[in-house]
Amino acid sequence: LRGALVAFGIAAVAMLLTQPYTLLDYGTFARNVGEQAQMVRRLVDLPYTRQYVDTPKYAYLAWQLGVWGLGPAAGLTVWAGFLACLAVTALARRKTDLVVLSWVLPYLLITGWFEVKFLRYMLPVTPFLAIYGARLLVWLGVGLRALWPRRKWLVFLPAGLVLLLTLHYTLAFVSMYSGPHPAKAVSAWLDANARQGAVVVQEHWEEGIPHVPRIVFGERVGLYEPDTPAKFDRIAADLAGADYLVLYSNRLYGTVPRLADRYPLSARYYRALFDGSLGYDLAYAAQKDREFLGIAYRDDPFARVRAETPPPRAWAPVSGSVATLDLGWADESFTVYDHPVSFVFENKGRLSEADLLITIGGFEVSGTPGPAGSGIGLLLSPEDALDQQAGGTWRDIAFLRSLPDSISWIVWLIGAQVMAFAALPLSFALFRTLPDRGYLFAKPLGILLAAAVAWLLASLGWMKFSAWSVAVAIGVVALLSTAVW
């Protein structure tokens, strides 16, 4: 009982430090949690959750984490290790395994059952899966050593092989940040090729490309809206008056054609756009695959809609110079922000609104609109938005913002170390039983406490958030830490 009370107390303190809104504004906290609970079960129909319609429970998240989140080698290892742990626990019933699985297994069962399956939902359980994978590699190494006792190096072979393959995936993943973002590449292409005053339209519920002063950004094309004649009247008018159409990512065309009952004409629209029937030809494509040493890991933005909506005929996906691993569909949240495949279509056919409607078939809408959304509920109110904007940008309040980027990281390291020193006595007091007496935990503890105090100072209205409030927060942490020591 005593151990359970101690564990509950530690959990409560951790909850209050990392989620202070549970006490400061419990009403808002409970309301937001309720909204998220409705979202993950798709009781609220939000456009960005429609990508998960008809996705398999458990298997979808397992594949996305295993292939894209961790890389194929590490992904296969952690899931094999998890299954091996289940088998060993069922046979041996070790208490340590049972304690860990008492949290890991329910978390996976509940999260995998959600209708909405963002990859980030797997973050809390990933460290435990990594431990299971490492454990399996140790078992395999010991088994190989037992088979061939004289070859001592075999004990390191499984872990070394997985580490090498995962390192390759990591370096390939990092390589995609070496050049300009696809959105910036699209803007640069339009700036170099579009005429002065050219009209560019984009899709709604989508990220945007950086502004180009020489061109005019038209209305956003609303493909998530129900298939009605009014919708396609607007789309036809937008396309007829535009010079270019930019598809930032596959957020819409990778989902809308899959929902044939809900979007019968929108699927036809994308098919006509990609085969050139709308008079728009593919003029430019910006894409970045993960590649290292000539071996690329490719995700297919058309993997789930290729039958309904084949890719543009002029588009060729990026391939590695030596080999390409085509791993299929990657979750929208994994690709859409930092490495989307962006298309620019140029209006060469100059079809009229009437011709566009005839091509799309907008005059014979037969689909039934899907359920209407009940509101987002997660946006700031207009008053709160004005307050946030009045506080300035990060650049306005950043300390030593005039420093060049090449050395600014040193300031961050020094700041983190100062916070660590401030919390060092407290860390020694809390973790004195550890071999290093808690030195390892001083840095994360210092950053956490300093950030919490700075946040409280701003939230309670005692100080505006600035470099000075952070300095005061570090001082407060140092005083408290010294008092405890």
Side-chain angles (χ1 to χ4, degrees), residues 1-23 26 29-30 32-41 52 55-71 74-139 159 162 166 331 333-334 427 430-431 433-434 438 440-441 444-445 447-449 452:
L1 178 61
R2 180 181 178 184
L5 292 175
V6 171
F8 179 80
I10 294 174
V13 171
M15 180 72 174
L16 292 176
L17 285 175
T18 57
Q19 295 285 347
Y21 275 115
T22 55
L23 281 183
Y26 179 77
F29 174 81
N32 289 344
V33 170
E35 290 171 351
Q36 292 297 305
Q38 289 183 320
M39 183 196 71
V40 297
R41 290 177 289 167
Y52 299 112
T55 52
K57 299 181 185 298
Y58 303 113
Y60 183 89
L61 272 176
W63 177 263
Q64 293 298 321
L65 176 68
V67 173
W68 300 114
L70 300 174
L76 178 63
T77 301
V78 301
W79 286 119
F82 174 67
L83 294 177
C85 179
L86 289 179
V88 169
T89 303
L91 295 174
R93 298 185 179 276
R94 292 178 55 192
K95 291 184 178 180
T96 53
D97 289 331
L98 289 171
V99 169
V100 177
L101 280 175
S102 68
W103 181 80
V104 172
L105 193 56
Y107 184 90
L108 290 175
L109 290 174
I110 294 171
T111 305
W113 190 258
F114 288 161
E115 295 293 331
V116 174
K117 308 173 183 69
F118 291 120
L119 185 56
R120 63 178 180 267
Y121 292 167
M122 297 298 289
L123 282 176
V125 80
T126 299
F128 296 95
L129 295 177
I131 292 173
Y132 292 142
R135 188 183 188 184
L136 175 63
L137 294 176
V138 171
W139 287 343
V162 172
T166 304
D331 190 78
S333 61
F334 179 77
S427 186
L430 292 176
F431 306 108
T433 58
L434 297 178
L440 183 65
F441 288 100
L445 184 62
I447 294 173
L448 173 65
L449 292 177

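Note that the numbering runs from 1 along the sequence shown for the chain.
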Quick one, Thr22 and Leu16 - any side-chain contact, counting heavy atoms below 4.5 Å?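 Heavy-atom side-chain distance check passes, below 4.5 Å.
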If I compare all heavy atoms of [X] with all of [Y], which pair ends up nearest, and what's the gap?
X: Cys85; Y: Leu101; answer: SG-CD1, 4.2 Å
X: Tyr58; Y: Leu108; answer: CE2-O, 3.5 Å
X: Leu98; Y: Arg93; answer: CD1-O, 3.9 Å
X: Leu136; Y: Ala84; answer: CD1-CB, 4.3 Å

For Phe114 and Thr111, what are the C-alpha separation, side-chain angles and deciding distance, and is it a side chain to side chain contact (heavy atoms under 4.5 Å, CB included)? CA-CA 5 Å; Phe114 288 161; Thr111 305; 4.2 Å; yes
For Gln19, enumerate each residue passing the side chain to side chain donor-acceptor pair (under 3.5 Å) test, keeping only those at least two apart in sequence or located in another chain.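 Once residues adjacent in sequence are excluded, Gln19 has no partner under the side chain to side chain donor-acceptor pair (under 3.5 Å) criterion.
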Mind telling me whether Phe29 and Tyr26 have parallel, tilted or perpendicular rings, with 30° and 60° as the class edges?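 The rings of Tyr26 and Phe29 sit tilted, inter-plane angle from 30° to 60°.
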Assign the ring pair Phe334 / Trp68 to parallel, tilted or perpendicular, where the plane angle (0 to 90°) is split at 30° and 60°.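 It falls in the tilted class, 30° to 60°.
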When rounded to the nearest 0.5 angstrom, what distance separates [atom1] in [X] from [atom2] in [Y]?
X: Leu448; Y: Thr18; atom1: CG; atom2: OG1; result: 7.5 Å
X: Ile131; Y: Arg135; atom1: CD1; atom2: CZ; result: 10.0 Å
X: Met15; Y: Leu23; atom1: CE; atom2: CG; result: 9.0 Å
X: Asp331; Y: Trp63; atom1: CG; atom2: CH2; result: 14.0 Å
X: Leu430; Y: Phe441; atom1: CG; atom2: CZ; result: 10.5 Å
X: Leu129; Y: Leu65; atom1: CG; atom2: CG; result: 6.5 Å

Under 6.0 Å between the ring centres of Tyr52 and Tyr60?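 Under 6.0 Å, so yes.
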Would you check, one step at a time, whether the test side chain to side chain contact (heavy atoms under 4.5 Å, CB included) holds for Leu105 with Phe82? CA-CA 10 Å; Leu105 193 56; Phe82 174 67; 3.8 Å; yes
Under the criterion side-chain contact (heavy atoms from CB on, under 4.5 Å), which of Thr96, Val100, Asp97 is the partner of Thr89?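 Result: among Thr96, Val100, Asp97, Asp97 is the only option passing the side-chain contact (heavy atoms from CB on, under 4.5 Å) with Thr89.
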Using the rule given for side chain to side chain contact (heavy atoms under 4.5 Å, CB included), can you reason through Val78 versus Thr126, listing the C-alpha separation, both sets of side-chain angles and the distance that settles it, and then say yes or no? CA-CA 9 Å; Val78 301; Thr126 299; over 6 Å; no
Strictly distance-based, threshold 3.5 Å: is any side-chain N or O of Tyr132 a donor or acceptor partner for the main-chain N or O of Trp79?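 No, Tyr132 side chain to Trp79 backbone: no donor-acceptor pair under 3.5 Å.
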Given 3.5 Å as the limit, does a donor-acceptor pair link the side chain of Lys117 with the main chain of Glu115, or not?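 Judged by distance alone, yes, a pair lies under 3.5 Å.
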For the pair Val125 and Trp103, evaluate side chain to side chain contact (heavy atoms under 4.5 Å, CB included) and give the outcome as yes or no after the intermediate values. CA-CA 9 Å; Val125 80; Trp103 181 80; 4.1 Å; yes
